[in-house]
Number of protein chains: 2
Amino acid sequence: MYEQLRTYLNKVTSANISDEEFQFFKEAFSAKKLKKKQYLLHEGAICRYMAFIAKGAMRQYTIDDKGIEHIARFGIEEWWMSDRESLLSLTPSRYNIEALEDCHLLVATNEKLILLREQSPLFVKLGQTLDEKSYIASQKRIDVTISYTAEEKVIYLMENHPQFLHRFPQSMLASYLGLTPETLSRVRKQLLQK
Amino acid sequence: MYEQLRTYLNKVTSANISDEEFQFFKEAFSAKKLKKKQYLLHEGAICRYMAFIAKGAMRQYTIDDKGIEHIARFGIEEWWMSDRESLLSLTPSRYNIEALEDCHLLVATNEKLILLREQSPLFVKLGQTLDEKSYIASQKRIDVTISYTAEEKVIYLMENHPQFLHRFPQSMLASYLGLTPETLSRVRKQLLQK
DNA sequence: AAATCGGCTTGATTTAGATCAAGCAGAAGT
DNA sequence: ACTTCTGCTTGATCTAAATCAAGCCGATTT
């Protein structure tokens, strides 16, 4: 599990982390396994962990007052899952984070992360890179949700996250795009006929 | 203009920046004035600057293939405007950034920002804080655009950005929410009657 | 003061996508 | 092998919001 993290770190930072520096990561993160349908975080609770997905897939979602689920994001291997707002400010989270498959995670508390930032310049750099990227991605997604038609949204998903298409149920993909499962099904059919 | 930046820095970082450290900011940022309707960035161009708004208001928007404008974000005093993706990767931007009022800006090129990060720990910290906050805010906005009705969107705007309501034309507020101006007008009327 | 213009509202109509409802096929459990 | 789920599709209907269209009002121009 730690080896996956190490490979990932080397890849993303285009560096080769020393044993010494990686030792800090080992101290910060502990291994955690979740079976399918288990939760890393429940709505109303305070998010305690930042989790690195070594294996498996997860979703982060809200439930609205009509009881409808809305998927904020998916996570798969080499992605990070957490509610940063809750983790940082210790406020109750609006989100649920659920394992969609059996998962191998590496989790760290906020205290450990603060410590790690002091110990590892690479981790600070990684944090910057990730924050930038996720900010850019979410801007793009706002664009999509505001201005795209159902068909354009589906095309966006196929082009930007093809790996999601066959891994997650259509009903969840629909929710991720802000569509109903019926509409997604119809749009897919139309697109295939073209 | 620099005094506004200094006040802002002290406020956001809850520190009191030294003259010495602030000197690096002065070297990195240069003053730039934009009149209403002038542009900081045009679609297709590479974004050269990160801009701090000392005075005025701006909008960042895209134009879709039907020629319709979609507002990605507004910026007012003490906000930052830029297309980070374009600035960092030197790729052409999808965005236009326009002054909605006469603006006083402090702008820095990416090179200056990199230098500043080496010189000022406070700036690094500021960057982290901002990235976190804007990521959290854009997650919230995705929630809103995916799952809210027109009425709920308008309430969201009134609660989260009341300062926008009387400062920007309704047509732009509508675009920001992913609504038409007509719908926004009707929803406002309904809400006032309650 | 008349004319032009931009921003907002209001009404009539249309439509994309939601909702409601039924049926089907593959996976999982007994 | 036969239920029981669960997820997906398809059809019929409905509705929220878009579109189309006209008119209003205050600001700016001539």
Side-chain angles (χ1 to χ4, degrees), chain A residues 35-38 57 59 61-71 74 98-102 142-158 164-194, chain B residues 35-37 57 59 61 63-71 74 98-102 142-158 164-194:
Chain A
K35 291 218 179 278
K36 187 174 174 172
K37 297 197 179 172
Q38 287 188 320
R59 65 168 176 157
Y61 68 95
T62 54
I63 303 180
D64 71 18
D65 36 17
K66 286 146 214 143
I68 299 170
E69 295 174 356
H70 300 277
I71 293 187
F74 291 109
E98 183 195 8
L100 294 175
E101 304 170 0
D102 293 352
I142 288 171
D143 256 37
V144 169
T145 51
I146 279 191
S147 48
Y148 283 20
T149 61
E151 181 174 328
E152 289 167 336
K153 284 180 183 177
V154 175
I155 293 171
Y156 157 80
L157 184 68
M158 296 191 310
F164 291 173
L165 284 171
H166 296 289
R167 191 155 182 182
F168 304 125
Q170 304 241 33
S171 54
M172 289 187 194
L173 297 174
S175 165
Y176 179 77
L177 294 173
L179 301 174
T180 57
E182 293 96 327
T183 298
L184 178 58
S185 171
R186 281 184 254 261
V187 170
R188 289 182 83 230
K189 195 183 167 193
Q190 274 189 336
L191 287 176
L192 289 175
Q193 281 168 358
K194 284 184 182 169
Chain B
K35 291 216 179 279
K36 188 173 174 172
K37 296 196 179 175
R59 64 168 176 157
Y61 67 96
I63 303 180
D64 71 19
D65 36 16
K66 285 146 215 145
I68 298 172
E69 295 174 358
H70 299 277
I71 293 187
F74 291 110
E98 182 197 9
L100 294 175
E101 305 169 2
D102 293 352
I142 288 171
D143 254 36
V144 170
T145 51
I146 280 189
S147 49
Y148 283 21
T149 62
E151 182 175 327
E152 289 167 335
K153 284 180 182 177
V154 175
I155 292 171
Y156 158 80
L157 184 68
M158 296 193 308
F164 291 174
L165 284 170
H166 295 289
R167 192 156 181 180
F168 304 126
Q170 304 241 32
S171 54
M172 289 187 192
L173 297 175
S175 165
Y176 179 77
L177 294 173
L179 300 174
T180 57
E182 293 95 327
T183 299
L184 178 58
S185 172
R186 280 184 254 262
V187 171
R188 288 182 83 229
K189 196 183 166 191
Q190 276 188 334
L191 287 176
L192 288 174
Q193 281 168 357
K194 286 183 183 170

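Residue numbers start from 1 in every chain, and the chains themselves are labelled A, B, ... in the order their sequence lines are given, proteins ahead of strands. From a predicted model like this one, the values you see are computed outputs, not experimental measurements.
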Between D:dT6 (P) and A:Leu100 (CG): distance, integer Å:
16 Å
Distance in angstrom units between A:Phe168 CZ and D:dC8 P, rounded:
13 Å
Which whole-number value in Å describes the distance from A:Leu177 CG to C:dA18 P?
11 Å
Applying a 4.0 Å non-hydrogen cut-off, can you work out what B:Ser171 is touching in the nucleic acid: base, sugar-phosphate, or nothing?
sugar-phosphate
Separation of B:Leu179 CG from B:Gln170 CD (nearest 0.5 Å):
11.5 Å
Heavy atoms from C-beta onward define the side chain here; which of C:dG17, C:dC20, D:dA21 lies closest to that of B:Glu182?
D:dA21
Reckon B:Thr183 has a side-chain N or O less than 4.0 Å from the OP1 or OP2 of D:dA18?
yes
Note, A:Arg167 side chain near A:Phe74 side chain (heavy atom, < 4.5 Å):
no
Between NZ of B:Lys36 and C1' of C:dG6 the distance, given in whole Å, is 11 Å
So, is A:Arg186 near the phosphate of C:dA18, with a side-chain N or O under 4.0 Å from OP1 or OP2?
no
I'd like to know if the side chain of A:Asp102 and the backbone of A:Lys36 have a donor-acceptor N/O pair within less than 3.5 Å.
yes
Quick note, A:Leu179 side chain, CB onward, closest among C:dC8, D:dA18, C:dA18 is C:dA18
Would you kindly compare B:Arg188 and A:Gly178 by the position of their nearest DNA chain C nucleotide and give the one closer to the 5′ end?
B:Arg188
Does A:Ser185 put a side-chain nitrogen or oxygen below 4.0 Å from OP1 or OP2 of D:dT9?
yes
Using OP1 and OP2 only, check whether a side-chain N or O of A:Gln170 sits under 4.0 Å from D:dT9.
yes
Could you tell me how far apart A:Ile146 (CD1) and D:dA18 (P) are, to the nearest whole angstrom?
12 Å
Between B:Thr145 (side chain only) and A:Ile142 (backbone N and O only), is there a donor and an acceptor less than 3.5 Å apart?
no
Specify the separation, in whole Å, of atom CD of A:Glu151 and atom P of C:dA16.
11 Å
When you get a sec, tell me which of D:dA18, C:dG17, D:dT10 is the closest nucleotide to the side chain of A:Ala150?
C:dG17
Taking only side-chain nitrogens and oxygens of B:Lys189, does any of them come within less than 4.0 Å of OP1 or OP2 of C:dT10?
yes
Within this structure, what is the CG-to-P distance between B:Leu173 and C:dG7, rounded to whole angstrom?
13 Å
Heavy-atom check, side chain of A:His70 versus side chain of A:Asp64, under 4.5 Å
yes
Please report the distance, rounded to the nearest Å, between CG in A:Leu191 and P in D:dT9.
12 Å
